Undergrad: 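One structure, pasted below without further comment.
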Amino acid sequence: MKNYNPSQIESKWYEHWLERGFFHSTPDHRKPYTIVIPPPNVTGVLHMGHILNNTLQDVLVRRARMSGLNACWVPGTDHASIATEAKVVARLAEQGIAKSDLSREEFLEHAWRWREEHGGMILKQLRTLGASCDWERTKFTMDPEMSEGVLKVFVDLHRKGLIYRGVRMVNWDPAAQTALSDEEVIHREMQGKLYFLRYKLEGAPLEDGRDSIIVATTRPETILGDVAVCVNPNDPRYAAFKDRRVIVPLVGRSIPVIYDDYVTMEFGTGALKITPAHDVNDYVLGEKFGLEVIDIFNPDGTINDRVGLYVGGDRFAVRDQIARDLQNAGLVEKIEDYTNKVGFSERTGVAIEPKLSMQWFVRMEGLAKPALEAVMNDTIRFVPAKYKNTYNHWMSGIKDWCISRQLWWGQRIPAWFLPAGSGGGYVVAQTAEEALRLAQEKDPALTAADLRQDEDVLDTWFSSWLWPISVFDGVRHPDNADIKYYYPTSDLVTGPDIIFFWVARMIMFGYESRGERPFGAVYFTGIVRDKLGRKMSKQLGNSPDPLELIDKYGADGVRVGMMLSTSAGNDVMFDEAMCEQGAGFGNKIWNAWNLIRGWRDGAASVASVDSDPASEPAPQSTADRLAVEWFSSRLNAALAEIDSHFAGYRISDALMVAYKLFWDDFSGWYLEIVKPAFGSSAHSATVASTVRFFEQLLQILHPFIPFITEELWHATADRTPDDCITVSQMPTFQEADGTLLARFDLMRETVTAIRSIRRARNIPMRDQLDLKVVPDENFPAELDSILQKMAGLGSVQAVEGHDPEWESFIVKTTRYFVPLPEGGLDREAELAKLREELAYQEGFLLTVMKKLDNERFVSSAPPAVVANEQTKRSDAEARIAAIKDRISALK
RNA sequence: GGGUGUUUAGCUCAGUUGGUUUAGAGCACUACCUUGACAGGGUAGGGGUCAGUGGUUCGAAUCCACUAACACCCACCA
């Protein structure tokens, strides 16, 4: 079979690995290598971002597993409270059921059923990609024991005073009808209007005749909640309004004019309307001046009956309506176009309404301190490091975290309210029974029926921030064997978009809970974009279906394609052509084995037929022996490079080194050197070395391209089902022979030069050429046999003089000549070529001499640098002399 | 309004504390090569005043300053 077809073998090997339990980890004497997956939404489906993120994790985990570490990759899913609840609500709506028609219990039943049907699909899809997760450890953030841990943390933090309840201005999502944390609000620039509204003065006009104040606002509907007009005390325009009151347009309410230097005189008219219920700043001013708070909205964003106007109208419809009504009433001075930033809900996409409400918060300042230090002093390494800045900035100005959500899908807040008759207040406890006990300490007459549990659930991220600990049950049992062995985890691979949501909070909780970092390093991936640089999205339809890609190119192909084009923190410009390249690489490996297998089988049959004990086995050829020595060094040099790339998390560079090692050095040079002449068979020692090299290459490549390497691992030898590449020992770096590598490169350059001559003069490989050389220290005489084979030479001869009819070239300082068969040399062309070369070399020499003639360079540059320049000079001078010599010979 | 990052070949990117033959890789491109692993292959080759300006230095893609374009993050000016 010529071409490799991945689909048939990929599922076979994945099942085999699972069956053998290779991905399952339990604590043992080895060093652990742990990754916890960033848990995808339980109802999500695989997209390209997951492919990027999880391939990276798998590469790291597989490499660790092959490097003698006890690798453990914990998979799982997130309950994603808002997103999932929204999906369930939408599905219920399709069936004609409103959420409000259901009891909490009934709704949760639907939600759990939804999860049973659609949940975990994404984890199955990850298997197709080859993800080597320890599936026996799969967790869901709402598993009973995970939820128990969440409640325990809530109770603990509350007892420590790190969780409190209070009335604050929060971000209200009118679609989901819940509060959101600051991080869940996305600000976008919007084209809006700035309305200039006239607030008539109560009582007599001013002495100068003015009878109103013009106020600029982007949200005219909020005048319903106006309680004051504020101006800057230093603003002379408004000094005369001191102690006066104005009338809210349409509403007719009388409100005071107050003075505070918060107001910018330059903006609008310098007068600001104050609506404490619906603007954060207004709320602060309201508190300062003891103003009333008039909340005009229902939770769904419609106008409530507080004022009695526009009742039930949607906030945006009312905005337009009220603007018209104001205009009709002659209370609009003017309307200008205006661009401002509006907050939108990350989940539902609707405009956020600032709303005053009672919520639960986590006090962040104390938690942030050790977490900030750990990142800034690289106890936790950020890759790339630029995210340290972002992190520093956020952590330094951190605000308290609103953790209550007015939803049902999630962990219900473990707080129980006491009846007013018992003094009110609440108790926080892990269970209802415990809560009752605590309540009875306050009032012994209380029964379970008297207690009312808080209706709200916790922010999803309140369970996520425990993830590196909770997946090992370290919240409920901080001293269990798993958590002690696997924690702190090794690497976290995630996107920078959740650095605040998740990464920062995990670090904070890690230190709070265990006094230790949750992971050693965080690798931030970029965003997957299409090749035009656009973010992939459903709306644009520019996101390929990963499963279709895998079907087309194989998981191996998709993985290689993805890994070739990713560097930490940089966006990936995804192009399907990369997958093609990945699949092509698989094919290359497949066919290389095809060739080697042929030699092996050929050698075996020769040996069995030709088993005359009297005949001495032929010795291995010099070329073969040298090729084996060289490739051994080449492989070791590459291993060292790959190690260093991995140490710096330069995954695509590591893959590129392996790719070139296989494609260029192994396939292009090594195999071509040892390839037996047509009709003859390979030497058994060469075959053995070649197979060993091939196996080592498979191992190096396995983390990136796991399936085909496993398939071929089993082709190179008879192996037991447990002898799999995925649990084999990665070759370790041995000292490479640097001299040999350098000499081989000189030989390669010589071959290339000769091929170039063949190309220019149309001399096919089958026509042997003779090579003449003026040997010097840069002539790799010992590699003569390889040179002859690769360049198609009949002989290599040392000469002192040269014939003008010979074609010539120089490698480093060595002069080579090739007598041409017939027709001879085109002298003019040859001279032109030589003159061009001479001009280049002289130009080059000039730049070198410029340095060497400079006293200050010679005296201040390090000796090694100066010595190198001197070598450059002597080499260039030698080349120039040689070229001049040739030119004069040709003339 | 603040902050961070990016700007190197047609495309995607390397270039590690300034000195490694007057800039590299992969892909794409051009020419040529089809009986012996692989045309998803092979060989050879073209292509860049390292965004701009100024500075530091014996020496700058690399360090500094400013400018421009783009990207992202943060922020309560209605």
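Computed over heavy atoms, backbone and side chain alike; hydrogens, waters and symmetry mates excluded. Worth saying up front: this structure is predicted, and the values here are computed from it rather than measured.
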Undergrad: Can you tabulate the close N/O pairs, meaning under 3.5 Å, that link protein atoms to atoms of nucleotides 28-32 of chain B?
TA:
unit_1 : atom_1 : unit_2   : atom_2 : d
B/C32  : O2'    : A/Arg759 : NH1    : 3.2
B/C32  : O2'    : A/Arg759 : NH2    : 2.5

Undergrad: Does A/Tyr523 have any side-chain hydrogen bond (donor to acceptor under 3.5 Å, both in side chains) partners at least two apart in sequence or in another chain, and if so, which?
TA: none

Undergrad: Return whichever of A/Lys341 or A/Ala876 has its heavy-atom-nearest nucleotide of RNA chain B closer to the 5' end.
TA: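 Nearer the 5' end of the strand: A/Ala876.
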
Undergrad: Give the dot-bracket string for RNA chain B, reading 5' to 3', where a pair is Watson-Crick or G-U wobble with both distances under 3.5 Å, ( ) marks pairs inside the strand, [ ] marks pairs crossing earlier ones, | marks a partner on another strand, and . marks unpaired.
TA: (((((((..((((.....[....)))).(((((.......))))).....(((((..]....))))))))))))....

Undergrad: Checking A/Asp664 now: which residues fulfil salt bridge (charged side-chain N to carboxylate O under 4.0 Å, His left out) with it, not counting sequence neighbours?
TA: none

Undergrad: I'd like to know if the side chain of A/Glu749 pairs up with that of A/Thr752 as donor and acceptor (distance under 3.5 Å, no hydrogens or angles considered).
TA: no

Undergrad: Per the side-chain hydrogen bond (donor to acceptor under 3.5 Å, both in side chains) rule, what does the pair list look like for residues 844-867 of chain A, sequence neighbours excluded?
TA: none

Undergrad: Excluding sequence neighbours, so at least two apart, what forms side-chain hydrogen bond (donor to acceptor under 3.5 Å, both in side chains) with A/Glu777?
TA: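 A/Glu777: no side-chain hydrogen bond (donor to acceptor under 3.5 Å, both in side chains) contacts found.
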
Undergrad: By side-chain hydrogen bond (donor to acceptor under 3.5 Å, both in side chains), which residues pair with A/Asp530, not counting sequence neighbours?
TA: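 Testing A/Asp530 for side-chain hydrogen bond (donor to acceptor under 3.5 Å, both in side chains), a comparison that skips the adjacent residues, returns A/Arg534, A/Asn542.
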
Undergrad: With A/Glu221, which residues qualify under salt bridge (charged side-chain N to carboxylate O under 4.0 Å, His left out), at least two apart?
TA: A/Arg219, A/Arg319

Undergrad: Quantified in whole Å, what is the P atom distance between nucleotide B/U53 and nucleotide B/A60?
TA: 15 Å

Undergrad: Counting primed atoms plus P, OP1 and OP2 as sugar-phosphate and everything else as base, spell out the protein contacts along nucleotides 5-19 of chain B at 4.0 Å heavy-atom distance: B, S or - for each nucleotide, 5' to 3'.
TA: S------SSS----B

Undergrad: Taking the same atom, C1', in B/U62 and in B/G26, what whole-Å distance lies between them?
TA: 23 Å

Undergrad: Could you pull out all residues at least two apart from A/Thr222 that satisfy side-chain hydrogen bond (donor to acceptor under 3.5 Å, both in side chains)?
TA: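 Partners of A/Thr222 by the side-chain hydrogen bond (donor to acceptor under 3.5 Å, both in side chains) criterion, ordered by chain and then number, come out as A/Lys273.
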
Undergrad: Under 4.0 Å, heavy atom to any atom of RNA chain B: which of residues 214-232 of chain A qualify?
TA: A/Ala216, A/Thr217, A/Thr218

Undergrad: NA contact type, A/Thr871, heavy-atom cut-off 4.0 Å: base, sugar-phosphate, or nothing?
TA: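 Nothing, no nucleic acid heavy atom in range.
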
Undergrad: Under 3.5 Å, is there a donor on one side chain and an acceptor on the other for A/Thr275 and A/Asp279?
TA: no

Undergrad: By the salt bridge (Lys or Arg N to Asp or Glu O under 4.0 Å) test, which pairs, at least two apart or in different chains, include something from residues 666-680 of chain A?
TA: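 Listed by first then second residue: A/Glu672-A/Lys675.
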
